Amino acid sequence: MVRSSSVLAILSSLAILATTTSGAVTTSLENCLQKISGLEVVVAGDSSWTKAKQAFDLRFTYTPKAVVYPSTDSQVQAAVKCAAASSIPIAPRCGGHSYEGYSLGGADGFLIIDVTKMQTVTVDQSTETAWIGAGSKLGPAYLSLWQSGNYTIPGGTCPSVGVSGNALGGGYGLLGRKHSVLADNVVALKFVNAKGELLQVDASTNPDLFWALRGGGLGSYGVVTSFQFKIYQISSPVTAFEYSFPASSYKKVMQGLAAWSPSAPEEVTVELNWGASSFDLTGIYLGPKSNIPSVMNKWFSIIKPSSSDVKEMSMIQAILKFTYMGTTDIQALSLTTGPGPADSRYYAGKSLLFDKATFSDESIEIIHKWLPKYKQGYIIIDVWGGAVHNQPSTGPNAFVHRSQQYGIEFVSEWDKDKCGDCLTWLSGFFNEMLTQYKKEYTVVKAYQNYIDRTLPNWSSAYYADAFPRLVSIKKDIDPNNIFRNPQSIPVSL
Ligand SMILES: Cc1cc2nc3c(=O)[nH]c(=O)nc-3n(C[C@H](O)[C@H](O)[C@H](O)COP(=O)(O)OP(=O)(O)OC[C@H]3O[C@@H](n4cnc5c(N)ncnc54)[C@H](O)[C@@H]3O)c2cc1C
Ligand SMILES: *[C@@H]1O[C@H](CO)[C@@H](O)[C@H](O)[C@H]1NC(C)=O
Ligand SMILES: *[C@@H]1O[C@H](CO)[C@@H](O)[C@H](O)[C@H]1NC(C)=O
């Protein structure tokens, strides 16, 4: 049963109070939530409970106290006050894709504030900005922006990833080298703090919070209810490409990458997918197909791809292509499957960021040694650089990663009950890479949107010098640490 406020609902929760064996704290939270006008509240025993407490990553089976689906800012405010009054910790949730299940709190006993009913997209062409509800997922947001005049934002490629998590932890995708991460394109936010107050957050109002949320905002400070983003109109066709190399040519491919990436134009963004027996290069170029030979020459003069698929298409078709949904109907981006995480799977990922343009022979050999050991394992090498290296026009923020040339994501996937050595493979591989990395770099850097509970010294790897300031802002805004997860910003160093 999906509950909303009504005399009946209050009566039925009183009935639960009389018969339940769960603690009084739960029921007082429930009572408080049930009184919020129009709020959808889901608790244990309701028919939608199993779906409500499911994460994208099916490994996680945390049990919240309740999941609520507000559709207005004031419902978010009221729900926060209910949890704060009962000292129940809160995890906001958008796309549910946190690598560690942190939008369920990363533990039992949280109030989950799922913002996915808040998806309104409003474009202002005169300022080239758009307000996007914090519950929007990337696919539907891309579609709406496109339909409002060929606009887009530079976010991630997976359509079911939430705009919120993507923007608050960075957000890197097809336009990354031209327009940087999504966090850098946030102009303003609407935000509910731990007291349940609704705040405007921008460069001149609550500037500390504005700095912190862009890069350090993953579940630590409060609930963002909407974002204002800078938007980009892309009406000329772009060139989308996919190339393959024989996996046995990995040394040459990596040599080509090193020769190419330092001087590659910002108009091109690529990613390399290296698996047990495949090595693919995908990306887009903001320009005509006829320029591709010169754009890729420094790489392809070292190794020629064994197959290629290079096509001009509209920006929205390119976005759709790299969702791998296997359709050319852009309506697919609307993901009309309703609220809640879609396309769930068993998945684990880790990351490292590399400043140097050339990977050492040692690290290339470690990758080559480990990939064939696990069939559903692979790495994704993202070529960062370009605009990511510049501070955004709205001023510096807590996204500190400004000098890396590459990010590597290490991924393991598996089928239900068939993990086998899926996680030991991943940690064995990663640990050997990390040991080698530490020989080459004095500090470890990793990407907070691939959040990793077992990463040593994660606060430094994700936030570097920004961490002490993030902590002091946290202490001001949420001293009781109501908004938390195992890797949220703590109230003291
Ligand atoms: C299949 C897959 C593909 C991906 N592809 C990319 C990619 O191309 N580029 C890229 O940069 N990243 C990518 N990611 C990583 C992704 O950006 C992060 O996992 C991101 O944090 C997920 O956001 P979400 O809203 O879906 O997740 P959630 O699990 O809902 O949220 C993530 C974190 O943010 C917090 N949060 C959520 N909503 C709010 C809110 N409104 N206010 C405050 N805090 C909030 C949550 O509490 C949680 O701690 C991918 C992840 C997956 C699983
Ligand atoms: C939008 O983009 C498409 C394809 O790139 C183009 O054909 C069309 O003219 C553009 N529309 C506007 C309003 O610019
Ligand atoms: C964590 O990283 C910082 C910055 O690189 C370093 O100074 C510190 O010694 C590290 N701490 C541990 C425990 O490794």
Side-chain angles (χ1 to χ4, degrees), residues 55-57 60 76 90-106 110 112-116 118 125 133-138 146-151 154-174 176 181-183 189-192 213 217-227 233-238 271 312-318 322-323 341 343-345 347-349 351 380 382 407 409 411 413 438 441-445 447-451 456-461 463-465 467 483-488:
F56 163 83
D57 191 326
F60 302 110
V76 174
I90 301 173
R93 182 172 67 188
C94 176
H97 281 55
S98 166
Y99 277 29
E100 297 288 358
Y102 290 165
S103 43
L104 290 172
F110 277 65
I112 312 309
I113 301 187
D114 181 308
V115 295
T116 50
M118 306 171 82
Q125 299 200 354
S136 204
K137 291 173 188 163
L138 290 174
W146 182 258
Q147 289 173 334
S148 308
N150 290 2
Y151 286 104
T157 52
C158 173
S160 56
V161 161
V163 165
S164 282
N166 203 235
L168 296 172
Y172 190 74
L174 297 174
V181 290
L182 192 51
L189 311 93
K190 293 210 169 78
F191 172 88
V192 175
L213 291 174
L218 296 167
S220 293
Y221 292 97
V223 188
V224 177
T225 61
S226 55
F227 293 86
Q233 191 175 44
I234 303 183
S235 289
S236 306
V238 304
E271 135 184 331
E312 283 184 8
M313 59 185 71
S314 65
M315 185 65 211
I316 198 72
Q317 284 293 343
F322 292 115
T323 64
D343 70 358
S344 303
R345 63 184 97 141
Y347 191 94
S351 75
I380 299 174
D382 276 310
E409 189 192 355
V411 183
E413 296 191 24
K438 285 177 171 169
Y441 293 95
T442 50
V443 297
V444 176
K445 298 183 188 179
Y447 180 30
Q448 58 269 43
N449 255 342
Y450 301 147
I451 205 147
N457 209 359
W458 58 266
S459 55
S460 159
Y463 306 112
D465 294 349
F467 190 64
F483 290 95
R484 65 173 184 257
N485 63 54
Q487 290 174 295
S488 57

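Keep in mind that this is a model prediction, so the values were computed, not measured. We count ligands from 1, going down the list as the structure has it; atoms in each ligand are counted the same way. As a basis for the values below, the full set of heavy atoms in this structure was taken, side chains included, without hydrogen atoms, waters or symmetry mates.
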Minimum-distance pair of heavy atoms, taken over all atoms of Pro159 and Lys137: O-CB, 3.6 Å
Enumerated ligand 1 atoms positioned under 4.0 Å from heavy atoms of Ser164: 38 (N), 39 (C), 40 (C), 41 (N)
Check: Phe191 and Leu213 side chains under 4.5 Å, non-hydrogen atoms: yes
Identity and distance of the protein heavy atom lying nearest atom 22 (C) of ligand 1: His97 CB, 3.8 Å
Side-chain heavy-atom pair Thr323, Thr157 within 4.5 angstrom cut-off: no
Ligand 1-proximal atoms of Leu168, by part, heavy-atom distance under 4.0 Å: side chain
Nearest-contact summary for atom 35 (C) of ligand 1 - protein heavy atom, Å: Gly219 N, 3.6 Å
Heteroatom distance test (Gly165, ligand 1): nitrogen or oxygen, under 3.5 angstrom: yes
Backbone or side-chain N or O of Tyr447 under 3.5 Å from ligand 1 N or O: yes
Intermediate values then yes/no, side chain to side chain contact (heavy atoms under 4.5 Å, CB included), Asn449 and Val161: CA-CA 11 Å; Asn449 255 342; Val161 161; over 6 Å; no
Donor-acceptor pair, side chain of Tyr447 and main chain of Gly171, under 3.5 angstrom: yes
May I have every N or O pair linking ligand 3 to the protein at under 3.5 Å, one per line with atom names and distance?
{"from": "ligand 3", "atom 1": "2 (O)", "to": "Asn457", "atom 2": "ND2", "distance (Å)": "2.3"}
{"from": "ligand 3", "atom 1": "2 (O)", "to": "Ser460", "atom 2": "OG", "distance (Å)": "3.2"}
{"from": "ligand 3", "atom 1": "11 (N)", "to": "Asn457", "atom 2": "ND2", "distance (Å)": "2.8"}
{"from": "ligand 3", "atom 1": "14 (O)", "to": "Asn457", "atom 2": "ND2", "distance (Å)": "3.3"}

Trace of the ring pair (Phe, Tyr, Trp, His ring centres under 6.0 Å) decision for Tyr99 with Tyr347: CA-CA 8 Å; Tyr99 277 29; Tyr347 191 94; 5.4 Å; yes
Side chains of Val115 and Thr225 in contact at under 4.5 Å (non-hydrogen atoms): no
Under 3.5 Å: N/O of Ser236 near N/O of ligand 2: no
Steps toward side chain to side chain contact (heavy atoms under 4.5 Å, CB included) verdict (Ser220, Arg484): CA-CA 5 Å; Ser220 293; Arg484 65 173 184 257; over 6 Å; no
Tyr463 and Phe467 aromatic ring geometry - parallel, tilted or perpendicular at 30°/60° bounds: parallel
Whether Gly173 lies under 4.0 Å from ligand 1, heavy atom: no
Region of Trp146 that comes within reach of ligand 2 [heavy atoms, distance under 4.0 Å]: side chain
Close N or O approach (Ala91, ligand 1; < 3.5 Å): no
Contact check: Tyr99 vs ligand 1, nitrogen or oxygen atoms, below 3.5 angstrom: no
Proximal ligand 1 atoms for Phe56, defined as those under 4.0 Å from one of its heavy atoms: 1 (C), 53 (C)
Minimum heavy-atom distance between Leu218 and Gly169, given as atom pair plus value: CD2-N, 3.8 Å
N or O pair under 3.5 Å between Tyr347 and ligand 1: no
Enumerated ligand 2 atoms positioned under 4.0 Å from heavy atoms of Ser314: 4 (C), 5 (O)
Residue and atom name of the nearest protein heavy atom (relative to atom 42 (N) of ligand 1), distance in Å to one decimal: Val224 N, 3.0 Å
Mode of Asn485 contact toward ligand 1 - side chain, backbone, both, neither (heavy atoms, under 4.0 Å): side chain
Proximal atoms of ligand 1 relative to Gly156 (non-hydrogen, under 4.0 Å): 7 (C), 8 (O), 9 (N)
Closest contact, heavy atoms only, Val76 versus Met118: CG2-SD, 4.1 Å
Sub-4.0 Å atoms of ligand 1 with respect to non-hydrogen atoms of Gly171: 11 (O)
Which residue and heavy atom of the protein sit nearest atom 17 (O) of ligand 1, plus the separation: Asn166 ND2, 2.8 Å
Heavy-atom pair of closest approach, residues Ser103 and Ser98: N-CB, 4.1 Å
Heavy-atom gap Gly222 to ligand 1 smaller than 4.0 Å: yes
Gly217 near ligand 1 by a heavy-atom separation under 4.0 Å: yes
Minimum-distance protein heavy atom relative to atom 29 (O) of ligand 1: Ser103 OG, 2.5 Å
Sub-4.5 Å side-chain heavy-atom contact between Val444 and Lys438: yes
Check: Ser351 side chain, Glu409 main-chain N or O, donor-acceptor pair, under 3.5 Å: no
Contact check, side chains of Cys158 and His97, non-hydrogen atoms, under 4.5 Å: yes
Heavy-atom pair with the smallest gap, counting every atom of Phe227 and Ser164: CE1-OG, 3.4 Å
Heavy-atom pair of closest approach, residues Ser488 and Trp458: O-CH2, 3.5 Å
pair Pro92-Val223: side-chain heavy atoms closer than 4.5 Å: yes
Test item: Asn485 side-chain N/O and Gly105 main-chain N/O as donor-acceptor pair under 3.5 Å: no
For Val223, atoms of ligand 1 separated by under 4.0 Å from a heavy atom: 42 (N)
Atom 4 (C) of ligand 1: nearest protein contact (heavy atom, Å): Val161 CG2, 3.8 Å
Sub-4.0 Å atoms of ligand 1 with respect to non-hydrogen atoms of Arg93: 30 (O), 38 (N)
Distance (rounded to the nearest 0.5 Å) between Arg345 CZ and Phe56 CZ: 4.0 Å
Short N or O distance, Gly95 and ligand 1, threshold 3.5 Å exclusive: yes
Any Ile90 side-chain heavy atom under 4.5 Å of Phe110 side chain: no
Selected option - heavy-atom contact closest to atom 8 (O) of ligand 1, from Ile113, Ile90, Thr157: Thr157
Test item: Gln125 side-chain N/O and Ser148 main-chain N/O as donor-acceptor pair under 3.5 Å: yes
Student check: side-chain heavy atoms of Tyr151 and Ile234 closer than 4.5 Å: no
Closest candidate by heavy atom, reference atom 13 (C) of ligand 1, pool Tyr450, Phe191, Tyr172, Phe227: Tyr450
Closest to atom 5 (N) of ligand 1 among Cys158, Pro159, Pro92, Gly106 (heavy-atom distance): Cys158
Distance-only N or O hit between ligand 2 and Asn150, under 3.5 Å: yes
Interfacing atoms of ligand 1 (cut-off 4.0 Å, heavy-atom, Tyr102): 47 (O), 49 (O)
For atom 18 (C) of ligand 1, the protein heavy atom that lies nearest, with its residue and separation: Asn449 O, 3.3 Å
Within reach of ligand 1, part of Tyr221 (heavy-atom separation under 4.0 Å): neither
Pick from Ser98, Gly96, Gly105, Ser220: the one approaching atom 32 (C) of ligand 1 most closely through a non-hydrogen atom: Ser98
